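None of these values were measured; they are calculated from a predicted model.
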Amino acid sequence: MSCSADDDVFSQSLGHSEVADSLDDEGCDRDDAAEEVIEDPGVDDDLIDDVRHGICDDPEEPGDPGEPLYEGANITRHDSATIIMAFAIRHNLSGLAVRDLLNLVNEHLPSPNVPGSNYLLRKYCMPDMEDDDIVYHIYCKNCGSYLGSSEEMVCDNCGVTSTKSSAIKSENFFVSLSLERQIRTLLQDPAVCSQLTLGENGDGENFTDVSDGMMYRQKVAAGDLSLTFNSDGISAFQSTSGSVWPILCTLNELPLKARRNHVLLAGLWFGTGKPDMQLFLKAFIAECEVLADAGLDWQNPITHNAVNTKVFAISCACDSVARCQLQGLVQFNGYFGCNWCLHPTERFEGVKHIYPSHDPPHASRTHKGFVEDAIKARQTGQKQNGVKADPSPLLLLPKFDIINGFPVDYMHAVCEGVVDRLVSLWFDSSNSQEAWYLGRHIAQIDERIKGIVPPSEVTRLPVSPSKRAFWKASEFRCWLLFYLLPIFSGILPTAYLKHVALLVQSIWLLTKTKVDTADIVSARLLLRKFVDKVQNLYGPFHMTYNNHILLHLPDTVTNWGPLWSSSCFLFEGYNRKIKSLFHGTRGVAHQVINNFVIARELDSRLGLMGPETPESVSNMLRTLIRGYPLHPSVTRVEEDVNILLHGKGHAFDCNEDVEHCLEGYFGEPLGDLNIIEYAKATNDGMKLERTKGRQKSRRADDIVAFGPRELGQVHHILRVEQPDRVDVVLVLQPFLVESHDFPIGMEAGADHIVIVKESPVLPPLVLPISSPDYKKCVQVTVDDTLYCCILPNMVELD
């Protein structure tokens, strides 16, 4: 056995000493383990001491955590430890780096007064845990049967005896975390509780989030809560086949931004290959049954009322591979492989299943029909309509619809599916003899790409299709919605450009901030045309599963709201955070669990900090947990804390047209108002800048769309003081719109791509910066023509 510096103390679990116990099971006693650690030059005696602390009794904590760090300090020992741990997690420090940091801080104090080891630091930061808050579930290494969570168990199936310590060492276990505790902690945070939309269901005509969807309105009663969950593998290391499979959950009653910041971790599996979902979901489903039946008790932090709330897991967002496994269906490339309809598929050239168009469409799957097929498959031992003989454990989830409970994930199906395939077809040299081949035009396309200027919301700058192997899902999304049509205009043959415009327009409609029934009807027609024409344009070989399930996207919006509200973008982003929670190859599951719990505890402490905590301390913790600090030159508008003004304000000077416009807006002469102009501003995270004085850059935040066919440049950002209030407004110079639809003459015009020109004739317009009625734009200049591509929503992160 060997121990490395990367196998840091993040693998030590307070209250769970399995990692330490496994050291003894390796055949070396504690002194032997210490000697082996010493042999590694990157490890010091403190690491050995921490390992021993994980095995032996807890050391006594010196001093009172509530006392000042030193005489006259404005920070307590407790707050100091909290900030140090937040720093370690934020910057992904190894255990050795944390130990060095603790020693460094102590050297700067009159006497050492911060925790002297990782163990003590974590002890300061760990919440009080009940025995069932974190449970290690063991399964038989010999036959895979579930054993339980006791210290020693005998397999009923094969008779093999297993101990918890040996199972953890050999990695035949998974971990469950209490959802009840996590949800209660969230609900009792005033900032989170105030954002809940309990009982606020939609009208069935307009869809702005999950709670407006038909399935949500059918499944969730007023006052109840609901979960969307996800499980997907994360490659742990480049050199080995180990992978981490978390079960992640979000509360549907929170807005998307809050859901993104408060992801719940319900379970974790680590090992080689894929987990047995019958085993892995066992604890998750059992707790969901309790939450649906008995509910959870909590105290509303705003009304201080005691509340009992039932919670239902009603939606599962995942990719196609995981979906088939979770649903208990054959893989998507098999007979009856569609998760939502009874398309039988066809064999093409004896090697591939394809999904040819069919009129009328094949019958939709239903929950009832799926259960009947599962029963018949169980009885006969034969698949029925693609349903396997081993039924999905998700059938046990209260109120979960085994068909419609799985929304079509447009991140995988559209961005990494259809769009990726189309781009590969156009640029793969194996298609050099095809009419659609664009590889010969790559130099021209790369030159046009230089004319793309995205806003700050697009975090990745566009790169050449020749580097498409490195594109992320968000880049495929941007190419589809914003870049593709202007850049490929005049290069891709018209028939193929018209064809892909059908997909561009339909996906834009289904990812708007608010999707109405007319949008869904239009998108359904456009997607049907797109799918039908694939065979004629590209051949039957390309009638793939991803191409087929485009037809089910409109139903996903009807059931679960806009495509962004149920996509995997949120969960994939959190998977990257999961990957940052462990170092080295030992005790991966323990490291992830413990660091997740501590990170949540730190966030909870931040919400509970009172006025007695120095502002500098709370600001530091907030910066480490939730984002970078405000720059000294940034001013927060007290009347609206979501508005930030950047830079040093200066006196406002304007021409007659702007003066007349402002006086009309405020209803009084400008001389009676105190007006200060700023170069940049941020409204609820959305960056804006004025055109004048803007430095030339690959990004621009100075063009907004304030109506379906109305766009303009931001010429002024003004803070206007009046006797009774303070307003922040934008002064826009509207563009002259030359064309509404792009490309002209297409049967499906992408009407969010607008050709514009500057117009000094149109009068300026005043718009409050907090208005929900404007969106940012991607600017694409091709051959001196400016295309403004309007973002479909301002809630989805790139």
**OP:** Carefully, step by step, assess Glu289 and Ile285 under the rule side-chain contact (heavy atoms from CB on, under 4.5 Å).
**Re:** CA-CA 6 Å; Glu289 289 178 315; Ile285 292 173; 4.2 Å; yes
[atom1] of [X] to [atom2] of [Y]: how many Å apart, nearest 0.5 Å?
X	Y	atom1	atom2	value
Phe400	Lys219	CZ	NZ	9.5 Å
Arg323	Asp409	CZ	CG	7.0 Å
Leu264	Gln182	CG	CD	5.0 Å
Asn559	Ile403	CG	CD1	11.5 Å
Met215	Thr556	CE	OG1	11.0 Å
Leu268	Gln591	CG	CD	11.0 Å

Subject >> Steps toward side-chain contact (heavy atoms from CB on, under 4.5 Å) verdict (Phe530, Val418) >> reply: CA-CA 11 Å; Phe530 176 84; Val418 175; 4.1 Å; yes
Original post:
If we ignore angles and hydrogens, is there a donor and acceptor under 3.5 Å between the side chains of Asp428 and Ser430?
Top reply: yes
Original post:
Side chains of His412 and Ser320: do they bring a donor and an acceptor to under 3.5 Å?
Top reply: no
May I ask you to decide if [Y]'s main-chain N or O and [X]'s side chain share a donor-acceptor pair within less than 3.5 Å?
X	Y	result
Gln327	Ile402	yes
Ser176	Phe284	no
Asn172	Cys140	no
His343	Pro356	yes
Ser162	Ala167	no
Glu475	Arg460	no
Trp560	Asn404	yes
Arg477	Cys415	no
Thr163	Ser166	yes
Lys579	Ser235	yes

Residue pair [X] / [Y], side-chain heavy-atom distance below 4.5 Å:
X	Y	value
Val330	Cys324	no
Tyr410	Thr511	yes
Asn547	Arg421	no
Phe174	Trp245	no

So which heavy atom on [X] is nearest to which on [Y], and how close?
X	Y	value
Arg181	Pro127	NH2-CB, 3.4 Å
Leu551	Leu527	CD2-O, 3.9 Å
Cys568	Asn230	SG-ND2, 3.9 Å
Ser565	Pro562	OG-O, 2.6 Å
Asn339	Arg365	O-CD, 3.5 Å

**OP:** List the steps, then state whether side-chain contact (heavy atoms from CB on, under 4.5 Å) holds for Leu326 with Leu281.
**Re:** CA-CA 9 Å; Leu326 291 167; Leu281 293 173; 3.7 Å; yes
Subject >> Identified side chain to side chain donor-acceptor pair (under 3.5 Å) partner of Asn252 from the options Ser226, Ser211, Ser566 >> reply: Ser226
**OP:** Report yes or no: is the cationic atom of Lys352 (NZ for Lys, CZ for Arg) under 6.0 Å from the centre of the six-membered ring of Phe541, at an angle within 45° of the ring normal?
**Re:** yes
**OP:** Go through Leu570 and Thr228 one step at a time and tell me if the side-chain contact (heavy atoms from CB on, under 4.5 Å) criterion holds.
**Re:** CA-CA 11 Å; Leu570 182 155; Thr228 291; over 6 Å; no
Verify whether the ring centers belonging to [X] and [Y] lie closer than 6.0 Å.
X	Y	value
Tyr355	His362	no
His552	Phe406	no
Phe229	Phe571	no

Original post:
Quick one: side chain to side chain donor-acceptor pair (under 3.5 Å) pairs with a partner in residues 385-399, sequence neighbours left out?
Top reply: Asp373-Asn385, Arg378-Asp390
Subject >> Residues Arg184 and Glu180 bridged, charged N to O under 4.0 Å >> reply: yes
Subject >> For Thr161, side-chain contact (heavy atoms from CB on, under 4.5 Å) partners two or more places apart >> reply: Glu152, Val154
Original post:
Can you list the residues that meet the side-chain contact (heavy atoms from CB on, under 4.5 Å) rule with Ser149, with sequence neighbours excluded?
Top reply: Val135
